[in-house]
Amino acid sequence: MNKNEKFVITINREVGSGGRTVGRLLAEKLGVKYCDKAVIDGLTQKFGLSPERIEEIKAQKKSWWNDINNYYQTLVNSASYPMEAEVKLDNASMFETEKSILQEIATQASCVIAGRTGFMVFREWPNHLSVFIQASLEHRIQRIMRRRNVSEQEARDVIAKMDATRETYIKKYEETSRYDTRNYQLVISMDELSEDDAAEIIIDYINRTSK
């Protein structure tokens, strides 16, 4: 990946690994946009977006991205910004909407995108780095217990549900697994790392491999 040109970094992560926080910190350190499922859902709901609607807006108003960009800023700066978006099995239209929004964001400027579709949407995208953030089950359980103030069993249930849902989602659109490391250039285990450590590792990797 060439950091001196427009780039996209996608981060897939296991729930409870801290991958979403890593993505936000990485974007801050690199001075680029950050986007995840919660942002996509917020934009979709605000503007009533669908693949067809996106094309209509683009055709009608050249500055359509300014409106979406302004609302994007209110989302990511909001105190009520959710810590973890609920994972849902989307239909094909919603998948295409998500894909269209992500690609439009990437077309506008360099960005970090955290979410289950990232490595799929940008697989053939130029100047793309794909990262997977994982952690041991115990690490994930403890982190979810702290951040959501839930019991160990509740944390286990959250992990089981979201792992199964995300894997099903990937296999619905691609003949691969999100756990297949061949989908990523960099895989990081969080057990002995802070989120800031992981962000710095990614930056070091970029600096070492940048053309």
Side-chain angles (χ1 to χ4, degrees), residues 1 3 7-30 32-39 81-87 102 110-123 125 127-171 173-210:
M1 192 191 87
K3 65 180 181 179
F7 61 80
V8 180
I9 300 173
T10 57
I11 296 182
N12 274 66
R13 79 276 189 209
E14 293 182 307
V15 61
S17 67
R20 187 182 187 205
T21 302
V22 172
R24 288 173 64 83
L25 287 172
L26 179 63
E28 290 174 8
K29 290 174 181 290
L30 294 173
V32 301
K33 282 185 176 296
Y34 171 79
C35 185
D36 62 13
K37 178 66 173 163
V39 172
Y81 187 74
M83 295 305 300
E84 273 289 352
E86 183 68 21
V87 176
L102 291 177
S110 294
C111 56
V112 174
I113 294 173
R116 61 190 185 274
T117 64
F119 79 86
M120 294 190 293
V121 171
F122 295 100
R123 177 169 290 161
W125 201 264
N127 215 24
H128 165 225
L129 173 65
S130 183
V131 181
F132 186 60
I133 305 293
Q134 61 183 17
S136 66
L137 180 59
E138 184 58 31
H139 178 97
R140 298 165 68 195
I141 289 171
Q142 293 300 319
R143 190 173 187 276
I144 290 176
M145 288 173 64
R146 290 195 307 271
R147 295 176 73 84
R148 298 195 181 192
N149 192 29
V150 297
S151 69
E152 178 179 340
Q153 186 56 54
E154 288 173 316
R156 287 181 180 274
D157 291 343
V158 167
I159 290 171
K161 177 182 178 181
M162 296 185 79
D163 279 356
T165 302
R166 287 174 173 174
E167 182 70 354
T168 299
Y169 186 85
I170 293 296
K171 290 183 175 179
Y173 295 102
E174 293 280 342
E175 293 182 359
T176 187
S177 166
R178 61 197 293 265
Y179 299 107
D180 187 340
T181 57
R182 290 172 295 184
N183 291 313
Y184 314 100
Q185 282 80 54
L186 184 62
V187 178
I188 299 175
S189 174
M190 296 297 296
D191 284 33
E192 304 297 331
L193 300 174
S194 69
E195 287 88 350
D196 192 73
D197 289 336
E200 289 295 335
I201 287 172
I202 297 171
I203 291 174
D204 183 61
Y205 178 88
I206 293 170
N207 289 336
R208 288 172 180 271
T209 60
S210 184

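Note that the numbering runs from 1 along the sequence shown for the chain. Every heavy atom of this structure was used, including side-chain atoms; hydrogens, water molecules and symmetry mates were not.
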Pick one: which of Ile11, Ile113, Ile170, Val131 meets side-chain contact (heavy atoms from CB on, under 4.5 Å) with Phe119?
Ile170
Please enumerate all residues that pass ring pair (Phe, Tyr, Trp, His ring centres under 6.0 Å) together with Phe7, with sequence neighbours excluded.
none
Rounded at 0.5 Å granularity, tell me how far CD in Glu14 sits from OG in Ser189.
9.0 Å
Quick test of your reading of the model: are Glu28 and Arg24 salt-bridged, counting only N-O distances below 4.0 Å?
no
With Glu154, which residues qualify under side-chain hydrogen bond (donor to acceptor under 3.5 Å, both in side chains), at least two apart?
Ser151
OG1 of Thr181 to CG of Leu186, rounded to nearest 0.5 Å, is 11.5 Å
Check side-chain hydrogen bond (donor to acceptor under 3.5 Å, both in side chains) between Asp204 and all other residues, then give those that pass, not counting sequence neighbours.
Arg208
Would you call the rings of His128 and Phe122 parallel, tilted or perpendicular, taking 30° and 60° as the class edges?
tilted
State whether Arg13 and Asp36 are salt-bridged, where the test is any N-O pair (Lys NZ or Arg NE/NH1/NH2 against Asp/Glu carboxylate O) under 4.0 Å.
no
Stepwise side-chain contact (heavy atoms from CB on, under 4.5 Å) test for Ile9 and Leu30:
CA-CA 11 Å; Ile9 300 173; Leu30 294 173; 3.7 Å; yes
When rounded to the nearest 0.5 Å, the distance separating OG of Ser17 from CD of Gln134 is 8.5 Å
By side-chain hydrogen bond (donor to acceptor under 3.5 Å, both in side chains), which residues pair with Glu192, not counting sequence neighbours?
none
In terms of heavy-atom contacts, His139 and Gly16 come closest through CD2-O, 3.9 Å
Give the intermediate values and the outcome of side-chain contact (heavy atoms from CB on, under 4.5 Å) for residues Val15 and Arg166.
CA-CA 10 Å; Val15 61; Arg166 287 174 173 174; 3.7 Å; yes
Heavy atoms only: give me the nearest Lys3-Asn207 pair and the separation to one decimal.
NZ-OD1, 2.5 Å
Do you know the tightest heavy-atom contact between Ala199 and Val22?
N-CG1, 4.1 Å
For the CZ atom of Arg20 and the CG atom of Leu25, what is their distance to the nearest 0.5 Å?
12.0 Å
Can you measure from CE (Met120) to OG (Ser130) and round to the nearest 0.5 angstrom?
11.0 Å
By the salt bridge (Lys or Arg N to Asp or Glu O under 4.0 Å) test, which pairs, at least two apart or in different chains, include something from residues 194-203?
Lys29-Asp196, Lys29-Glu200, Arg143-Glu195
Taking every non-hydrogen atom, the tightest pair across Ile206 and Met1:
CG2-CE, 3.6 Å
Return the CD1 to CD distance between Ile144 and Glu152, rounded to the nearest 0.5 Å.
11.5 Å
So Met190 and Thr21, do their side chains get closer than 4.5 Å, heavy atoms only?
no
All side-chain hydrogen bond (donor to acceptor under 3.5 Å, both in side chains) counterparts of Asn183, not counting sequence neighbours
Arg123, Thr176
Check: Trp125 and Thr10 side chains under 4.5 Å, non-hydrogen atoms:
no
